[in-house]
Amino acid sequence: MTELVASSALEANSLLLSDQLTFEFPWLSFSILFPIIGALLVPFIPDQGEGKQVRWFALGIALITFLVTVGAYLTGYDPLQEGLQLEESLNWLPNLGLKWAVGVDGLSMPLVLLTSFITALAVLAAWPVTFKPKLFYFLILAMDGGQIAVFAVQDMLLFFLAWELELLPVYLLLAIWGGKKRQYAATKFIIYTAGSSLFILLAALAMGFFGEGPPNFEYSHLAEQAFGGGFQLVCYAGLLIAFGVKLPIVPLHTWLPDAHGEATAPVHMLLAGILLKMGGYALLRFNAQLLPVAHAQFAPLLIVLGVVNIIYAALTSFAQRNLKRKIAYSSISHMGFVLIGIGSFSSLGTSGAMLQMVSHGLIGASLFFLVGATYDRTHTLQLEEMGGVGQKMRIMFALWTVCALASLALPGMSGFVSELMVFAGLVTDEAYTLTFRIVIASLAAIGVILTPIYLLSMLREIFFGKENTKLVSSTKLIDAEPREIYIISCLLVPIIGIGLYPRIVTESYNSTIEALVTKDVSAMESINRVSSKSPKGIKLTPALLNPPSLKKLSE
Amino acid sequence: MPSAASLAWLIPVLPLMGAILTGLALIGFNRFINRLKKPVAVLLITCVGISAVLSYAVLMEQIVGMPPEEHLFVWASAGDFILPMGYVVDPLGAVMLSLVTTIALLVMIYSHGYMAHDKGYVRFFTYLALFSSSMLGLIISPNLLEIYVFWELVGMCSYLLVGFWYDRDGAAHAAQKAFVVNRVGDFGLLLGILGLFWATGSFDFQGIAVGLQEAVSSGTVPMWAALTLCLLVFMGPMAKSAQFPLHVWLPDAMEGPTPISALIHAATMVAAGVFLVARLEPLYGLFPPVGAVIATVGAVTCFLGASIALTQMDLKKGLAYSTVSQLGYMMLAMGCGAPIAGMFHLVTHAFFKAMLFLGSGSVIHAMEEVVGHQPVLAQDMRLMGGLRKKMPITAITFFIGCIAISGIPPLAGFWSKDEILGQAYFSFPVLWLIGFLTAGMTAFYMFRLYFLTFEGEFRGENEELKNRLLHSAGIVEEEEEHSFQPGKLHESPWSMTMPLVVLAVPSILIGLLGVPWNSRFAFLLNPIEATNMSDKFSWGEFLPLALASVGISLAGISLAIFAYYLHRIDLAKIFAERFPQINAFLSNKWYLDDINERIFVRGSRKLAREVLEVDAKVVDGVVNLTGLLTLGSGEGLKYFETGRAQFYALIVFGGVIALVVLFGVLSPLPT
């Protein structure tokens with residue numbers, strides 16, 4: 001304990017925790033700032049240009065960050081508590097109402113851990129990167145801090161800044177280290193995400209200035225505001241567009257196949273593992289938590305969009321001939337379950353959505369890493385140009401098979417549990433009519449058939465069958481090396497761990513989710529009581545999308 | 001000392017540990033572990049062996065009348081939703097445990113001989129252990145959801161094992177087909193499980209049945225919904241147990257190594273569907289219409305499988321369709337409300353069908369020495385014949401299997417099949433007639449297989465025939481095939497013949513445990529029902545039906561003898577030429593594969609391509625148009641060249657600064 005106090009005293013010099021009397025170790029600020037400071041130090045690392053020292057340095061920083069977040073979880077986080085924990089608050093720009101406010105609850109903590117974990121593995125995955133290594137690792141580390149900030153900040157304006165700042169490294173990582181069409185992909189990425197994030201800013205400003213008194217953007221403050229119904233709907237719509245691009249929601253998804261298709265493997269892992277989760281997290285944090293009345297109106301739409309995501313992206317993935325784009329579409333398909341979970345008014349479904357984010361973070365990262373590793377050997381991503389690769393690369397084949405099976409939600413792995421929770425949450429959800437639930441569950445279950453079709457076809461085309469003589473003669477197919485096996489094993493341990501005993505993760509956020517769902521359900525009930533006043537726009541939606549009602553239960 | 005039942009969790013865990021150990025070693029120390037063939041085999045066989053011993057201990061306990069035992073723990077929870085997992089030991093489970101471990105053990109010993117020269121020997125044993133573990137887990141599952149978990153896992157093992165020889169295109173397609181078709185069934189199963197959970201708030205078998213009955217009688221769940229849910233759940237068994245029309249994957253799955261065909265695709269995994277229906281008996285018993293559907297599906301499958309088997313030339317495919325047909329019998333029994341009869345047939349069938357498959361493996365193993373490792377040749381009966389003289393043990397055991405499956409007393413198949421037909425006669429006479437005719441076809445095609453393979457002259461050296469077969473399969477003979485040195489036919493090594501001999505014993509005798517006037521088997525599963533049965537038993541009812549089915553079997557066998565042993569009847573002339581349509585219909589497997597290919601495979605591909613087209617042209621096109629506009633306005637900024645990012649950053653920061661200024665002006669400064 002004395003050591004803790006001593007170290008926190010040191011930290012306190014730089015951070016001056018004005019709002020807190022006790023000098024607790026600022027776990028979150030440290031885990032945000034440490035990788036960023038590390039990134040700033042990268043240019044000063046002596047290096048001969050091959051990037052060897054930088055690599056180890058970056059790995060060290062990423063690992064320490066990971067350990068710090070784990071430390072935060074173990075020492076300062078009580079999973080049974082629903083509210084904010086590890087809070088730190090510091091007035092930054094008082095005029096603006098901008099506060100350096102960080103803290104975690106059940107929504108943030110798993111994703112903070114996921115971020116630092118995936119980033120550490122991505123650094124290890126980036127071992128073969130030799131082009132401009134310093135800049136590369138600088139950006140990766142900066143992203144690490146930025147992404148943890150996105151999940152940990154408790155101030156909406158700060159959130160917007162973190163959200164924007166994290167785009168920049170991604171843009172550069174895409175534009176410099178990407179594939180042939182990298183400029184196009186990077187531009188598209190930035191236009192989409194930056195354009196849409198304008199809505200975040202607008203919504204943040206609107207919400208922050210709402211009501212009396214000086215502007216205040218802290219979540220806790222916003223949560224207490226009594227926003228009017230129309231106001232909520234407008235903000236909700238704006239935020240939905242912004243986060244829908246990120247998640248992505250069909251039809252706002254077309255930046256993703258391009259960005260993912262051109263990104264290099266480690267960036268790819270980060271994009272799929274963490275960036276997409278920002279959309280889901282933000283939907284839960286803002287749309288569901290801060291705008292419950294609008295959420296009650298929009299939730300059926302979310303569910304319908306989720307189903308569209310699942311089926312539409314699964315079909316496009318099946319038709320794709322480019323391996324990376326195939327997996328990219330499969331990501332979109334899997335995010336559909338997140339949408340359904342968020343839209344369900346049940347703690348089981350919402351909990352499933354949260355687990356699906358964590359699970360897809362791990363599975364998506366592993367698949368994209370394998371795509372990169374395979375590309376390093378075959379030098380092609382076109383499925384026609386592969387075939388019979390399994391004969392030379394047997395371990396690679398095994399790793400691919402395991403990860404593909406994880407992705408198609410095989411029981412015993414995390415994807416199964418999360419999808420099952422979403423399904424079970426949806427069908428037992430008395431907020432929707434029975435017909436609606438039957439239709440949605442049946443359509444979403446079609447995804448259960450489509451997913452193995454495209455994933456197993458992919459495996460078949462890459463690994464099964466006779467060796468492609470053209471491929472074998474032109475490249476050397478070396479089997480997986482220990483580093484690659486290690487990375488996949490690191491990802492598989494939590495994937496299988498969650499699959500076998502999901503409570504290790506679900507327990508860490510259940511209380512928060514339950515509180516969130518209770519809030520949404522009561523908001524929904526309140527609009528049903530005054531349903532005659534419901535906004536006009538909603539009346540136009542077909543009967544299927546009518547605001548959910550609890551009355552169905554009594555029928 | 002703890003009872004065996006309280007240790008039952010070890011039964012699936014032991015093989016799993018073995019599989020994990022060798023699996024990790026395969027990833028980590030591939031070369032090293034691949035050299036340790038024997039130690040790996042001994043380790044995994046020991047694991048399964050201990051499981052087998054435990055299973056028999058459990059079975060003994062159940063026979064002496066220990067009550068069923070259930071152990072649960074909370075696996076997942078959210079809100080008021082609690083999902084327990086655990087294991088249950090009851091008579092039904094105990095029977096299946098012993099059956100699966102026995103056959104798994106024998107198949108593993110057999111595989112030691114069969115796969116001796118295969119590169120993937122260690123991998124094969126690992127998969128086998130993994131499969132055993134999943135299958136055993138399925139049996140001791142206490143609720144539907146846990147069943148679903150293991151259901152998928154056995155499906156995965158089947159996928160891995162069918163695609164075991166992954167350099168063969170056929171295997172690759174078959175593996176995928178098996179998985180996807182099973183997923184179609186699982187689609188229904190999952191929805192059914194979820195729906196039942198919605199209706200009853202429970203996942204366990206008894207709870208669902210009780211809950212659904214209450215819900216229907218109180219009117220909260222309409223009757224049609226209850227029936228739909230029951231039928232949705234039945235989709236799972238339909239796919240897994242290869243019932244029409246989801247049977248299409250099973251014959252293709254014969255691309256896997258033959259020991260797998262014996263273990264997974266004949267004796268155990270495909271029986272899981274029947275087992276699940278037996279588990280759900282408390283539920284299905286409530287809704288007679290569901291029983292009728294199940295019985296009809298079973299009868300149709302039963303007839304379809306046998307009719308296609310009549311014309312098959314591939315030894316393994318013939319056996320595969322025979323399996324489809326026999327699974328149909330089991331389903332028929334389940335639909336007639338006679339789960340004991342169905343389970344009894346499951347057990348007897350497991351023994352003799354495993355023996356038949358292992359026998360066919362022994363034949364293929366021998367044929368490969370002569371015609372090379374080309375499944376099109378090694379499994380084709382047109383190239384076999386006269387093998388009895390070279391491989392007597394295989395021939396005798398295969399012969400025993402043929403008698404057993406044909407239903408000649410006192411061998412196993414007679415008792416179980418006769419019980420099913422008896423039940424069907426009183427429940428659905430029309431379906432009885434189908435089953436009865438199928439019994440005749442069964443006897444015919446099985447003896448056709450036997451005579452073509454083991455009797456007559458050996459035809460394997462007929463080069464012209466070989467080339468014709470290769471040609472019709474569309475295979476171009478490669479250069480290396482010519483370098484193949486044909487060897488001599490020989491009997492298989494002891495590790496392969498021993499399991500055959502061991503399996504022959506239950507194939508002959510096990511039926512005696514289920515004689516209708518004193519069925520020990522029924523007494524174990526359901527004592528009340530069993531005493532009821534033996535009380536009601538009358539020779540007057542039993543004999544006519546039994547004689548009829550023995551009669552039709554003998555007729556089938558005689559036809560086979562005349563046609564394929566004595567060559568007195570030329571069926572090709574009498575039947576095939578006169579009814580070419582029927583012949584084509586049968587040899588094209590009722591055109592079901594073609595329909596499947598045309599509608600589902602090509603249809604889904606086409607749909608997917610169209611969606612992608614829409615995605616690329618319409619959805620993305622809208623964006624690119626706006627993209628063009630921005631690029632146009634961006635022309636003027638070209639001197640930024642590499643600096644699009646900086647430019648963007650500038651805007652962001654400029655914006656933030658502007659904000660700060662704006663706020664500074666707008667908001668009153670704190671005084």
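Just so it is clear: chains get the letters A, B, ... in the order the sequence lines come, proteins before strands, and each one is counted from 1.
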Side-chain donor/acceptor of [X] to backbone N/O of [Y], under 3.5 Å:
X	Y	value
B:Asp167	A:Phe464	no
B:Asp186	B:Leu189	no
A:Ser317	A:Tyr329	no
B:Thr220	B:Ala215	yes
B:Thr200	B:Ser202	yes
A:Arg325	A:Gln320	no
A:Arg437	A:Val427	yes

Most heavy-atom pairs under 4.5 angstrom with chain B, which of [options]?
options	value
A:Phe416, A:Tyr454, A:Phe397	A:Phe397
A:Pro257, A:Ser442, A:Ser511, A:Ser489	A:Ser442
A:Thr401, A:Thr451, A:Leu500, A:Val517	A:Leu500
A:Ala398, A:Gly390, A:Ala424, A:Gly388	A:Gly390

Which one wins on heavy-atom pair count under 4.5 Å against chain A: [options]?
options	value
B:Phe187, B:Trp75, B:Trp198	B:Trp75
B:Leu145, B:Leu191, B:Leu607	B:Leu191
B:Ile193, B:Asp169, B:Leu26	B:Asp169

Report which part of [X] has an atom under 4.5 Å of a heavy atom belonging to chain B: side chain, backbone, both, or neither.
X	result
A:Asp258	side chain
A:Leu408	both
A:Ile446	both
A:Ser457	both
A:Arg460	side chain
A:Thr350	neither
A:Ile453	both
A:Glu467	neither

Close side-chain approach of B:Tyr166 and A:Phe463, heavy atoms under 4.5 Å:
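They are not in side-chain contact.
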Using a strict cut-off of less than 4.0 Å between a Lys/Arg side-chain nitrogen and an Asp/Glu carboxylate oxygen, indicate whether A:Glu461 and A:Arg321 qualify as a salt bridge.
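The answer is yes: the pair qualifies as a salt bridge.
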